[in-house]
2 protein chains.
Amino acid sequence: MSAPVGRARDAVARPLPRATVDRLPRYLRALDELETRGIVTASSMTVSAAAGVGSAQLRKDLSFLGSHGRRGVGYDVTHLRGRIAAALGVTSRQRVVIVGIGNLGHALANYAGFGERGFSVVGLVDVDPEVVGNRVSGLVVRHLDELERLVDELGATIAVLAVPASAAQRVCDRVVAAGVGGVLSFSSGELAVPRGVDLRTVDVGAELQILAFHGHRRQSPGA
Amino acid sequence: MSAPVGRARDAVARPLPRATVDRLPRYLRALDELETRGIVTASSMTVSAAAGVGSAQLRKDLSFLGSHGRRGVGYDVTHLRGRIAAALGVTSRQRVVIVGIGNLGHALANYAGFGERGFSVVGLVDVDPEVVGNRVSGLVVRHLDELERLVDELGATIAVLAVPASAAQRVCDRVVAAGVGGVLSFSSGELAVPRGVDLRTVDVGAELQILAFHGHRRQSPGA
DNA sequence: CGCTGTGAAAACCTTCACAGCC
DNA sequence: GGCTGTGAAGGTTTTCACAGCG
């Protein structure tokens, strides 16, 4: 409640533009790669090339996080990596529940990237009696009835929805009511979430249609 | 080379802003939904609500496609659906090859959304001898060696890559050399493609990290 | 009178270019 | 000399608000 000691030092709590936040994961991955390659110090050119953006863009984005480079030298890879991880909030491992253990949910549950990128899959949920009770990637699949209890007991902050579009809104409402603050949906429909809850949608069909647009433009640039 | 008969009639071949193209799939899906519900005519308010955008945004976007609504009335749902499908280039079913039939590739191969959204999965490719030869979703998985021949014979225009990050660039180079014009990658790393080829990347780890950002901001809005 | 289609305004984002520090 | 950090310029996207048509 009480917000004491407003230390206005190096970062004046700039608001971090949305577009910048969307790029931070790329930078984090690029820095991981450089670190793995044993590179200790890197210029904005080096990092931005690894991340696939322009160097001015990178420097501008980083400037919102405060000043962490050395002029004439570049950035300390490990230090910068830490700053970005802190900004993203992936220093303490976030807990994820996956709802819907069909083909896609199964693939996600086995996806090693979760661990590498700072997340722990702590719960798997489905409704199908054929699936409930199975062990997938070291976890037993629980029934949807237990969703609220699981989210609460496991302290999940993020839910991944890999359920049919027809069920997505209902499941979404339940995970939100259970207290998660972020939802990643793989269904194509629009989902409504209350203010304060963050929703992101991955729509494979939409991605393909965007590719289709550019493809057919290539063939018939006129009409 | 010769660019004849430049008929400058209703649409002056406006360039379709990138942001607009990215939203067209949402509109298409929203219109499908309205059509299924038996709605024949809809105002920009109705359509935009179903698509999850503002009504002014929708009207502005549609204005780039030409004038297809009736003032005081709204849009003919079926007609508008057709116009958007045509703009996206999904009137003639595009052919897709999936490379990498692990957990994710398997899930994608079985994903019904491809058909519903205007695509045919015509080929599945992997390197693992355990997987090659298996029948998945009605198709036999072929070996990576056959990739170029398959893309050519099947007339694939889009490749979906569900391969390990370490293999992604090599596979990408090959599908591009084989002639596909669009690539959808599920690996997290940066991929380089030549000019004229369209690349889109779905990075689940990055999506989660963006959710994490907003989640931890919610808890500690200060530092 | 209602709703589209669209200029104009406002917000946002990227790129440039250079002052300032190492 | 080299590279960061950042104002300022330029570009794109969104929102507003209303003229114009049905």
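Residue numbering restarts at 1 for every chain, and letters A, B, ... go by the order of the sequence lines.
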Exceeds 12 heavy-atom contacts within 6.0 angstrom, atom CZ of B:Arg70: no
4.5 Å side-chain heavy-atom contact, B:Tyr111 and A:Asn103: no
Rounded interatomic separation in angstrom, taking CZ from A:Arg23 and P from C:dC12: 15 Å
Contact nearer the 5' end of DNA chain C, comparing A:Val73 with A:Ala19: A:Ala19
OP1 or OP2 of D:dT4 under 4.0 Å from side-chain N/O of A:Ser44: yes
B:His68 NE2 - D:dG22 C1' separation (whole Å): 18 Å
Interface with DNA chain C, restricted to residues 52-60 of chain B and to heavy atoms under 4.0 Å: B:Arg59, B:Lys60
Closest nucleotide among D:dT4, D:dT13, C:dT4 to the A:Arg71 side chain: D:dT4
Side chain to side chain contact (heavy atoms under 4.5 Å, CB included) partner of A:Leu199, the single match among A:Val193, A:Leu161, A:Val176, A:Leu184: A:Val193
Toward the 5' end of DNA chain D, by each residue's nearest nucleotide, A:Ala42 or B:Asp61: A:Ala42
Electrostatic pair B:Asp32:B:Arg117 at N-O distance under 4.0 angstrom: no
Between D:dT13 (C1') and B:Leu62 (CG): distance, integer Å: 16 Å
pair A:Leu104-B:Leu104: side-chain heavy atoms closer than 4.5 Å: yes
Whole-Å gap separating P (D:dG1) and CZ (A:Arg70): 20 Å
Distance, rounded to the nearest Å, where A:Arg83 contributes CZ and D:dG5 contributes C1': 16 Å
Between P of C:dG7 and CZ of B:Phe64, the distance in whole Å: 10 Å
Short side-chain to backbone donor-acceptor contact, A:Arg95 and A:Thr157, under 3.5 Å: no
Under-4.0 Å side-chain N/O to phosphate OP1/OP2 contact, A:Ser43 with D:dC3: no
First encountered from the 5' end of DNA chain C, between B:Met45 and A:Gly72: B:Met45
Separation of atom CG in A:Leu16 from atom C1' in C:dC12, rounded to whole Å: 15 Å
Side-chain heavy atoms of B:Val53 within contact of B:Tyr27, under 4.5 Å: yes
For atom OH of B:Tyr75 and atom C1' of C:dC3, their distance in whole Å: 8 Å
